[in-house]
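Note that this is a predicted model, so its numbers are computed, not measured. In what follows, every chain begins at residue 1, and chains take the letters A, B, ... in the order their sequences are listed.
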Amino acid sequence: MTSLPSKYEPAAAENKWYSYWMEKGFFRSVPDGRQPYTIIIPPPNVTGVLHMGHMLNNTTQDVLVRRARMHGFNACWVPGTDHASIATEAKVVAKLRSEGIDKKSITREEFIDHAWEWTLKHGGIILEQLKRLGASCDWDRTLFTMDDDRYKSVIRVFIDLYRKGLIYRGVRMVNWDPQALTAVSDEEVIYTEEQSKLYFVRYKIVGEDNYIMVATTRPETILGDTAVCANPTDERYSGMRGKHVIVPMTGREVPFIFDEYVDKEFGTGCLKITPAHDINDYEIGVKYNLESIDIFNDDGTISEKAGLFAGTDRFEARKLAEEELSRTGALVRVEDYINKIGRSERTHAIIEPKLSLQWFLSMKEISKPALDAVMNDTVSLYPDKYRNVYRHWMENVRDWCISRQLWWGQRIPAYYYNNNEFVVAETEEEALSMARKASGKPDLRMEDLRQDEDVLDTWFSSWLWPITCFNGINDPDNEDIKYYYPSNVLVTAPEILFFWVARMIIAGYEYRGREPFRDVYLTGLVRDKQKRKMSKSLGNSPDPITLMEKYGADGVRVGMLLCSPAGNDLLYDDSLPEQGRNFANKIWNAFRLVITMPTDDTIEQPEASRAAVIWMRGTIDRVLAEIDDSFVRYRISDALMQAYKLFWDDFSGWYLEIIKPAYKEPMDGKTHRETLEIFETLMKIIHPFMPFITEEIWQRLGERKDGESIMIAQMPLPAPYEAGMLTRFETVREIVTAVRAIRKERNIPVREPLVLCATEGATGTEFDRVIIRMCNLSEIRVVEGKIEGAASFRIHTHEFFVPLTDGIDHEEEIKKLEEELAYTEGFLASVIQKLSNEKFVANAPEKVITLEKKKEADARSKITTLRESLAHLRGRG
RNA sequence: GGGCGAUUAGCUCAGUUGGUUCAGAGCACCUGCCUUACAAGCAGGGGGUCGUAGGUUCGAUCCCUACAUCGCCCA
């Protein structure tokens, strides 16, 4: 065998094997007679590049898919991206601006061309990066939310819902992003505490010389005030009933009203009402039939209707208002104040509540099956603590604003004619004929129709993703959708539980009559060591590609998974992929030992090796069952840790050390063959976590034909194992550890053989030769009574002695025994106390009492042994 | 303000109907080793009154109540 480097070098193996897998079509899935295992990727945003969150999320999916594939399922992982209308449009607008082109100066069609150009150039980057990670997606199925089939599906669904009466157009207070010039959903607004000011402004009471005082953070909106309101129980304002006040700056006369909504404690207890610019004020406005004056233009400047400051920006207007109020004596004082400000997730602009005509999906009825599905576990959430959160949201679900004032996205298929009457249709032709019919004007022409300018929310495409990825809207009975739907598991972040996961479940029931996936595994967020969310602006996110170059893809995968129990945030640190890299190296070196080992078929298998093989196989079966259990519960980090310890501790630390022949001696052929077999089994177990190194080694473990691969090999299934044998080995471990400790304490080199003396029954198992091998003993001697000049230790009820040539330090030994005795006596006392408690004996289950009695007996026996030894030593002393 | 969840070793977390010597794992730390697979390693070791105060129980990390602190969601 050629010499192998002592450090594993991942780069070459990763390229080689990924190309091999692609070339052999191992990722490809088509329906067949096997059971499917389907995962639909949460489509990353086309504007994005791979970040740590993607790494965690996609590693998790790949582990699940690879494992399923090895278990004989027809595994299909469908990749794709979403078009991210706001983010992409912002990127394209910025790019055009850098080229001196104003969006307003080009047509919608030209803009869409630019957007496609941008998408084709940048949109595939993130998927290419996933390949570096080892993602075993069926790339032939790669999708995009704006490609033809997906576009058509979205339009069809819109029309269908509209015709079912679930989509309506209405005036609503929306979250307006004055920079992106679009409404954004509640979920896309991020509220944070910011420093601002509280302005105390006095309003003159009509017909009196008195004033009432109002506190506001937004003095510019005074221009839109149409009432002032106090709590009806607030005695300070009881005299205001039926009166009117004069709005400063505008001189407008408005009513003073009363409503429970007003918080008596806040400010002066007196609230100005601006129905057009505050959601709560809006509701009060509706309730009391107040006028609504929209003082802002779409871009956040003051409109003509305000009467003052027209054309100035809203923040500039605030300063002007402050000056004006101050000048007229209406401004009484200004205080520093911290309040929650909503900003657009995409543009960071401060959100302006705005009355606007939007399209809505009525959620109440359509969401019912989706709530039930999670409550009755048709769809299981992992971790299940999210069920409560889900229920709370679904029970208070609000209508979904699905229109966006953008160009990049599926254009709303509503066609207006006459005076804002409209029809909803899939094509212009259909729209025209419908409009002719509806208007009673058979001569209506295409030019008389005007399609709605707005597009649909990106989530309105992604909520159909599990269905549209198999073209299940356009072609509901095709083979793929029938075979792959519903998918097995969705792996995503808890932050999009509502605006994506819940909506997919809703769409699943509406369009397929059943759930889109059985399990939802919610990963945590990747944060930095200081618990800050990783973000571009903080610059605290490492570049995943650099990381993979440094630690290897396998190393990074292990690092991501090790510290990420479901639903818990992962605090990223370089030590994580480092641990992964170290593990890869450990595997590599164990492989080196095994593969470069000279063998000799004429040697008989040593007894220790024979026992070790049996023990190792049993251990593998035990751990396989544990790993299975971890996967069933989506405890993926636990499953990885179990595999990690199986390889590192059991296999490398114990098994290999037992079977390793003496220096320069060859290994017997049988053990070698069995070890290669065991190694192969271990590689299969580890493969889903570390696909590259396991393939590299698997290919070298035996003669492989072209087209063979570990990734399509059969995953070993747990077999029954002899628990008693594993327990006996645990005792062996304890004995070996104890002898090692004696060697270390007395500086006895490993080369120097020792004798282990034990009482009848303490040893004498199939593992005696293992003890001899691991402790370098010349023999295990069965003795009765104490041994002179020997170090001793006790395991369970047995006492062991290691005779030492230069004797022992009596004082030391006595001290040790005394400590052990004190501890055991203390323990015995607590057991006796328990057993002498009548209530305990009366109430505790039989099993527990038997156990306590055994503890008592064992402790007594141990104490006897210790006392005898002490007496013996003292007698000598 | 309303709801949900958490608090266990220096860090990140397990602890499955309350009962094995139950207080654990990984990492980090300390000590000794370059022992020919691996120093990206090996052999040992220290470290927690399980957030606080009560209660239920023969028995509480686990169940109940209050409080404290933190996180998330909603208003």
*Asks:* Quick one: label P845(A) by what it contacts on the DNA or RNA (base, sugar-phosphate, nothing), any heavy atom closer than 4.0 Å.
*Replies:*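 Here P845(A) touches the bases of the nucleic acid.
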*Asks:* Is the phosphate of rG44(B), meaning OP1 or OP2, less than 4.0 Å from a side-chain N or O of R740(A)?
*Replies:* yes
*Asks:* Please pick, from rC4(B), rA40(B), rG3(B), the nucleotide with the shortest atom-to-atom distance to any side-chain atom of R581(A).
*Replies:* rA40(B)
*Asks:* What's K854(A) touching, base or sugar-phosphate or nothing? Going by heavy atoms closer than 4.0 Å.
*Replies:* nothing
*Asks:* Given rG44(B), is OP1 or OP2 found less than 4.0 Å from the side-chain N or O atoms of T737(A)?
*Replies:*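 Answer yes for this pair, as a side-chain N or O of T737(A) is under 4.0 Å from OP1 or OP2.
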*Asks:* Taking T671(A) for the side chain and M667(A) for the main chain, is one N or O donor matched with an acceptor at less than 3.5 Å?
*Replies:* no
*Asks:* Determine which nucleotide pairs with rG41(B), using a 3.5 Å limit on both distances of a Watson-Crick or G-U wobble pair.
*Replies:*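 Partner of rG41(B): rC33(B).
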*Asks:* Is any side-chain N or O of W654(A) closer than 4.0 Å to OP1 or OP2 of rA43(B)?
*Replies:*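 For W654(A), the contact criterion (side-chain N or O under 4.0 Å from OP1 or OP2 of rA43(B)) is not met.
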*Asks:* May I ask which nucleotide in the shown strands pairs with rG51(B), Watson-Crick or G-U wobble, both distances under 3.5 Å?
*Replies:*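 Base partner found: rC67(B).
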*Asks:* Taking 4.0 Å as the cut-off, does a side-chain nitrogen or oxygen of K744(A) come that near to OP1 or OP2 on rC33(B)?
*Replies:*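 Answer no for this pair, as no side-chain N or O of K744(A) is under 4.0 Å from OP1 or OP2.
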*Asks:* How long is the straight-line distance from CD1 of I863(A) back to OH of Y823(A), given to the nearest 0.5 Å?
*Replies:*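 It is 11.5 Å, given to the nearest 0.5 Å.
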*Asks:* Closest approach to the side chain of N843(A), judged atom by atom: which nucleotide of rA37(B), rC58(B), rA43(B) is it?
*Replies:*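 The answer is rC58(B).
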*Asks:* Counting heavy atoms from C-beta on, name the nucleotide in rC58(B), rA39(B), rA37(B) closest to the side chain of K839(A).
*Replies:* rC58(B)
*Asks:* For F583(A), report the nucleic acid contact type (base, sugar-phosphate, nothing); a contact means any heavy atom under 4.0 Å.
*Replies:* nothing
*Asks:* Which nucleotide wins on minimum distance to the side chain of V848(A), given the candidates rG26(B), rG19(B), rA37(B)?
*Replies:*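 Closest of the options to the side chain of V848(A): rG19(B).
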*Asks:* Among the nucleotides rG41(B), rG5(B), rG32(B), which one has an atom lying closest to any side-chain atom of N582(A)?
*Replies:*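 Minimum distance to the N582(A) side chain belongs to rG41(B).
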*Asks:* Compare side-chain N and O positions of R635(A) against OP1 and OP2 of rG15(B) and report whether any pair is under 4.0 Å apart.
*Replies:*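 Checking rG15(B) against R635(A), a side-chain N or O does come within under 4.0 Å of OP1 or OP2.
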*Asks:* Given the structure, check if the side chain of E657(A) and the base of rA37(B) hold any donor-acceptor pair shorter than 3.5 Å.
*Replies:* yes
*Asks:* Looking at the rings of Y521(A) and Y634(A), which for Trp means the six-membered one, are their centres under 6.0 Å apart?
*Replies:* yes
*Asks:* Would you please confirm or rule out a distance under 4.0 Å between OP1 or OP2 of rC27(B) and any side-chain N or O of Y572(A)?
*Replies:* no
*Asks:* Nearest 0.5 angstrom please: T824(A) OG1 to D858(A) CG, how far?
*Replies:*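 Taking OG1 in T824(A) and CG in D858(A), the distance rounds to 11.0 Å.
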*Asks:* With a 4.5 Å cut-off on side-chain heavy atoms, are D554(A) and F689(A) touching?
*Replies:* no
*Asks:* Heavy-atom nearest nucleotide on RNA chain B for E852(A) versus D649(A): which residue maps closer to 5'?
*Replies:*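 That would be E852(A).
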*Asks:* From the options rC4(B), rA14(B), rG26(B), select the nucleotide whose nearest atom is closest to the side chain of N388(A).
*Replies:* rC4(B)
*Asks:* Checking contacts here: which listed nucleotide (rC42(B), rC27(B), rG19(B)) is nearest the side-chain heavy atoms of A844(A)?
*Replies:*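 Of all the options, the side chain of A844(A) is nearest to rG19(B).
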*Asks:* Centroid-to-centroid, Y390(A) to Y386(A), below 6.0 Å?
*Replies:* no
*Asks:* In whole angstroms, how far is the P atom of rU12(B) from the CG atom of D574(A)?
*Replies:* 17 Å
*Asks:* For Y644(A) and rC27(B), give me the distance from atom OH to atom P, rounded to whole Å.
*Replies:* 4 Å
*Asks:* So what's rA25(B) paired with, Watson-Crick or G-U wobble, going by both distances under 3.5 Å?
*Replies:* rU12(B)
*Asks:* Looking at R503(A) and W459(A), would you say the former's side chain and the latter's main chain have a donor-acceptor pair under 3.5 Å?
*Replies:* no
*Asks:* Closest to the L851(A) side chain: rA37(B), rU20(B), rG26(B)?
*Replies:* rU20(B)
*Asks:* Which parts of residues 816-825 of chain A get close to RNA chain B, meaning a heavy atom less than 4.0 angstrom away?
*Replies:* Y823(A)
*Asks:* Using the C1' atom as the reference point in each nucleotide, state the distance between rA6(B) and rU52(B) in Å, no decimals.
*Replies:*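 Pairwise C1' distance, rA6(B) against rU52(B), rounds to 16 Å.
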*Asks:* From the options rC58(B), rA39(B), rA14(B), select the nucleotide whose nearest atom is closest to the side chain of F840(A).
*Replies:* rC58(B)
*Asks:* For Y386(A) and rC4(B), give me the distance from atom OH to atom P, rounded to whole Å.
*Replies:*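 Interatomic distance, OH of Y386(A) to P of rC4(B): 16 Å.
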*Asks:* To the nearest angstrom, how far is Y634(A) atom OH from rA14(B) atom P?
*Replies:*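 Taking atom P of rA14(B) as the reference, OH of Y634(A) is at 18 Å.
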*Asks:* What is the base-pairing partner of rG1(B), counting Watson-Crick and G-U wobble geometry with both distances under 3.5 Å?
*Replies:* rC74(B)
*Asks:* Whether the side chain of D234(A) engages the backbone of A230(A) through a donor-acceptor N/O pair (distance < 3.5 Å, no angle test) should be reported.
*Replies:*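 No.
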*Asks:* What does K660(A) touch in the nucleic acid at a heavy-atom separation under 4.0 angstrom: a base, only the sugar-phosphate, or nothing?
*Replies:* base
*Asks:* Take K862(A) and S6(A), find for each the nucleotide of RNA chain B with the closest heavy atom, and name the residue whose nucleotide sits nearer the 5' end.
*Replies:* K862(A)
*Asks:* Please list all pairs meeting ring-ring contact (aromatic ring centres under 6.0 Å, His included) that have one or both residues in residues 569-588 of chain A, counting only residues at least two apart or in different chains.
*Replies:*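 Every pair satisfying ring-ring contact (aromatic ring centres under 6.0 Å, His included) with a residue in residues 569-588 of chain A: Y8(A)-W588(A), F583(A)-Y644(A), W588(A)-F591(A).
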*Asks:* With no hydrogens and no angle check, is any side-chain donor or acceptor of R860(A) less than 3.5 Å from a backbone partner on L828(A)?
*Replies:* no
*Asks:* Counting heavy atoms from C-beta on, name the nucleotide in rC73(B), rC38(B), rC27(B) closest to the side chain of R592(A).
*Replies:*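 The nucleotide sitting nearest to the side chain is rC38(B).
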